[in-house]
Protein chains: 2
Amino acid sequence: MPTRATIIAAADDLFYRQGYAATSFADIATTVGISRGNFYYHFKTKDEILDAVIAERAARTKALLAQWEAESTTPAACLHRFVDIFVVNRAKIMRHGCPVGTLCAELAKLDHAALPDAGAIFTLFRHWLARHLEALGCPEPDAQALHLLARSQGIATLASTFHDEAFIDREIAQLHALIDHIATSPEA
Amino acid sequence: MPTRATIIAAADDLFYRQGYAATSFADIATTVGISRGNFYYHFKTKDEILDAVIAERAARTKALLAQWEAESTTPAACLHRFVDIFVVNRAKIMRHGCPVGTLCAELAKLDHAALPDAGAIFTLFRHWLARHLEALGCPEPDAQALHLLARSQGIATLASTFHDEAFIDREIAQLHALIDHIATSPEA
DNA sequence: ACAGGATTAGGTCGGTCGTCCTAGGGGTGT
DNA sequence: ACACCCCTAGGACGACCGACCTAATCCTGT
């Protein structure tokens, strides 16, 4: 893997696990196993690598959503796949929260210029969810999409504070039930 | 106001607006208008002032919950008061998120020892909500309390990223409706 | 073999971080 | 008046931060 991509991958992981502010150039360089000078050759400022990480996450998100769509036969199945993030990434979420949500929260506090870019990843989910909700006949697909996102964020936040597995199970089941309900009687 | 209390108040505000990691001793000292040396007389380490801030927030939370309780005539009214945080603190939440949730998220990322203490503030809400849900005859008051907390956290997270007033209004209305539903048919 | 751009290593800069220390101010009790 | 102690100011420390620079190395095309 080229050095640049390696740096982005390491920064991505460290930003997720430690947060953006708490991660230094030295941290990333040490993790990758290169010198700080080499690091600076690829990224001139810390903002620059943040932009690269956000772009990488956005691209991965797009690919993930496309994959879910390709592997699902119905709109409802797509929505269920979304909820199953918590099944697949449960351990990580319990330790470090949602990668998108925690980054946006941090950038919002720092008044960082990249907040809209990070928020755009949320928007990818939002539009994707809205599209499938609309396919189900949901009358207000965008509002419902935001609702699902909010529910997910709430679960992630409390999961990382309380580490309560049963709570996560209950909330996942509720979200699945909500999607089933929308699929069967979308006008409600 | 004594210096110590002034420092705690300033740190509380700065931790909320900028985050814990992004706030330095100098920041706080400058805000209060005292020297760093004086600051160090009152708090020897950064962790120490964090503990003080968390204790202060916990105390304020207890007082707030007691006040809500005193001003409400029914358990349902108490629960509605909880949801109305978003009405009262909407502007702040849209800019900096939930004070408790964002702090817990940050401390979780930093693997900070004070995470349980910060989480205890969540627990104050949790038990308070559960108590009133139980009074309503809710079969699983603690689970429902966690659910309400999660919903609130989700709203706060998305509010600070999207700044969408209509979204907040919809979610608040939904929570009020949910509480009314629990109050009228608690067995469901 | 050689030139030249791409890449890497490592040192350095000014600034800020958390921490610590000492000297003095200001009030109180004797 | 004097001793005492709470409080304050401000400087200094070692470490680390992001940022920058230069020299050496690698690789590729000719």
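Each chain gets a letter, A, B and so on, in the order its sequence line appears, and its residues count up from 1.
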### Query
Regarding His147(A) and Arg151(A), is there a side-chain donor-to-acceptor distance under 3.5 Å anywhere?
yes
### Task
Would you please confirm or rule out a distance under 4.0 Å between OP1 or OP2 of dT7(C) and any side-chain N or O of Asn38(A)?
no
### Message
Could you go through Tyr16(B) and Arg57(B), starting from their C-alpha distance and side-chain angles, then the distance that decides it, and tell me whether this counts as side-chain contact (heavy atoms from CB on, under 4.5 Å)?
### Response
CA-CA 11 Å; Tyr16(B) 177 41; Arg57(B) 289 193 188 180; 3.8 Å; yes
### Charged N-O contact under 4.0 Å between Lys92(A) and Asp13(A)
no
### Message
What is the separation between atom CD1 on Ile28(B) and atom C1' on dC17(C), rounded to the nearest whole Å?
### Response
13 Å
### Message
What is the separation between atom CD1 on Ile7(B) and atom P on dA9(D), rounded to the nearest whole Å?
### Response
10 Å
#### Entry: Atom-to-atom span, CZ of Phe43(B) to C1' of dC20(C) - whole angstrom
17 Å
### Query
Tell me: CZ of Phe39(B) to P of dC20(C), nearest whole Å?
14 Å
### Message
Pair His132(B), Phe82(B) - check ring pair (Phe, Tyr, Trp, His ring centres under 6.0 Å), show working.
### Response
CA-CA 11 Å; His132(B) 293 291; Phe82(B) 168 75; over 10 Å; no
### Task
Measure the distance from CZ on Arg4(B) to P on dT8(D) and round it to the nearest whole Å.
12 Å
#### Entry: His42(B) side chain near dT8(D) phosphate (N/O to OP1/OP2, under 4.0 Å)
yes
### Message
Please report the distance, rounded to the nearest Å, between OH in Tyr41(A) and C1' in dT25(D).
### Response
13 Å
### Query
Starting at CZ of Phe25(B) and ending at P of dG15(C), how long is that distance when rounded to a whole Å?
23 Å
### Message
So for Arg36(A) and dT12(C), does any side-chain atom that can act as donor or acceptor lie under 3.5 Å from a complementary atom in the base?
### Response
yes
### Query
Does the Thr123(A) side chain pair with the main chain of Arg126(A), one donor and one acceptor, at a distance under 3.5 Å?
no
### Summary
Of the listed dA9(D), dG10(C), dT8(D), the closest approach to the Ile34(B) side chain comes from dA9(D)
### Task
Quickly work out the Ile49(A) CD1 to dA19(D) P distance and round it to whole Å.
11 Å
#### Entry: Thr3(A) side chain, from C-beta outward: closest of dC17(C), dT8(D), dT8(C)
dT8(C)
### Query
Counting any heavy atom closer than 4.0 Å, what does Tyr40(B) reach on the DNA or RNA strands: base, sugar-phosphate only, or nothing?
base
### Summary
Nearest-nucleotide check on DNA chain D, Gly37(A) vs Ala26(A); residue mapping nearer the 5' end is Ala26(A)
#### Entry: Nucleotide of dG10(C), dC7(D), dG18(C) approaching Ser35(A) most closely (side-chain heavy atoms)
dG10(C)
